[in-house]
There are 2 protein chains.
Amino acid sequence: MGITKSEKFTEQQNQIANFAKAFGHPARVAILQHLFKINTCICGDLVEEIGLAQPTISQHLKELKNLGLIKGNIEGTKVCYCIHNENWTKMKLVMHEFLDQDILTTECC
Amino acid sequence: MGITKSEKFTEQQNQIANFAKAFGHPARVAILQHLFKINTCICGDLVEEIGLAQPTISQHLKELKNLGLIKGNIEGTKVCYCIHNENWTKMKLVMHEFLDQDILTTECC
DNA sequence: TACTTTAATCGTAATATTGCAATGTATTAA
DNA sequence: TTAATACATTGCAATATTACGATTAAAGTA
C-alpha cells in the first residue's frame, strides 16, 4: 500500500521519522551542509553546487522549508536561503534524545 | 525518475542519508526504541508491540539488520533481536557530526 | 512421523519519492 | 514596455517504499 500507518505510532515517533526523512536524501544533506558552510545567506547557487536540475533543488528546498529547518528571504529576483537556527536546535533535541538512548542501557548479546 | 543520484554526492553524505532513511519510518523508530527499552533480547513480540503484520515487521527488521544497527540470533523457532551496540555508536558519531555542525557557525539572518 | 510454532520470503497492490522539461511568476535591467 | 534573470510550479515518467496475504523453511512437540 506504500502508505505509512502513522496513527499506530506516537507523535514523538512520527516526529523523529519526519526529521529523519528530511535527512534521508543526500541532496538535502548536501544543501544543509552548504548552508552551514557558507554561513552568510547566499542565494541560489545551490543548483551549481549540488549538480541537480533547478526544479529538483527547488523541490528539496521546499521540503526543508516545510519542516522549518531552513528559511528563504526574497531579495530581488533571488531568494536567499539559510538555516533556521532556532528550529534546528529544537530538531537536535529530538534527534539527540533518540540517538543517545543507548546510554541508559547495557549490552545484552 | 525516483532514483537517487548517489554518485553526485560524497560517501559521507550518502552514509548520513542511509542512516537517516532507516529512521525515516516510525515503525523502525518504534522497533529500535523497544529493543532499547526491553534491553534483553526480545523476539517476535515486536509484531504485537508495533501492531503491523508479521511480514511487515520482518521487512523493517531486515532493513535495520542490513544497515548493521541490529543483530538477530536464532533461538529455536524464535529469533532474538537486539541493538548492535558497536555499530550504533559508530552511527551516532556520523549523525552527531552532521547535527552539530551548527555549533561552528554564527547566526546570519 | 505428523503437527505446531515462528519467522522469512514471495508476489502484488497502493502510494511516495525523485528528477526534469516545460511553463509560470515576479523582479530587475535596458 | 520589453527582455532577461531567478525561482517556483506543473505534469509526468521511473523507481522506491510500505503493507500484507499466501507460502515456505526450520525447529520444536506430540
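Chain A is the first sequence line, chain B the second, and so forth, proteins listed ahead of strands; every chain is numbered from 1.
- In terms of modelled atom types and a separation under 3.5 Å, the side chain of B:E48 and the main chain of B:D45 share no donor-acceptor contact.
- For the OP1/OP2 pair of C:dA8 and a distance below 4.0 Å, the side-chain nitrogens and oxygens of B:Y81 include at least one atom meeting the criterion.
- Nucleic acid contact class of A:K8 (heavy atoms, under 4.0 Å, all strands): none.
- Checking side-chain atoms of B:W88 against main-chain N and O of B:I70 turns up no donor-acceptor pair under 3.5 Å.
- More than 12 heavy atoms of other residues, nucleotides or ligands sit less than 6.0 Å from atom CD of A:E7.
- Among the nucleotides C:dC20, D:dA19, D:dA6, the one closest to the side chain of A:T56 is C:dC20.
- Atom-to-atom, CD1 of B:I70 to P of C:dA7 comes out at 13 Å; the value is rounded to the nearest Å.
- Contact annotation for A:K65: no contact, since no heavy-atom pair falls under 4.0 Å across all strands.
- Distance, A:L67 CG to C:dT17 C1': 15 Å, rounded to whole Å.
- When the P atom of C:dA21 is taken as reference, atom CD1 of A:I57 falls 13 Å away, rounded to whole Å.
- Between A:F9 and B:H25, the two ring planes are perpendicular [angle over 60°; tilted spans 30° to 60°].
- For B:R28 (side chain) and B:K21 (main-chain N/O), a donor-acceptor pair under 3.5 Å exists by modelled atom type.
- In this structure, CD of A:E48 is placed 13 Å from C1' of D:dT5, rounded to the nearest angstrom.
- Among C:dC20, C:dT15, D:dA8, the nucleotide with an atom closest to any side-chain atom of B:K5 is C:dC20.
- Here B:H60 reaches the OP1 or OP2 of D:dA19: one of its side-chain N or O atoms lies under 4.0 Å away.
- Per the geometry, NZ belonging to B:K21 stands 17 Å off P belonging to C:dA16, to the nearest Å.
- A straight line from CG of B:N66 to P of C:dA8 spans 12 Å, rounded to a whole angstrom.
- At whole-Å resolution of the value, CD1 in A:I31 and P in D:dC7 are 13 Å apart.
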request  = Using a 4.0 Å heavy-atom cut-off, write out nucleotides 22-30 of chain D from 5' to 3' as B (base contacted by protein), S (sugar-phosphate only) or - (no contact).
outcome  = B----BS--

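- A side-chain donor-acceptor contact under 3.5 Å links A:Q101 to the backbone of A:F98.
- Two residues, A:Q59 and B:A53, neighbour DNA chain D, and the one matched to the more 5' nucleotide by heavy-atom proximity is A:Q59.
- Rounded to whole angstrom, the span from the CD1 atom of B:I3 across to the P atom of D:dA16 amounts to 5 Å.
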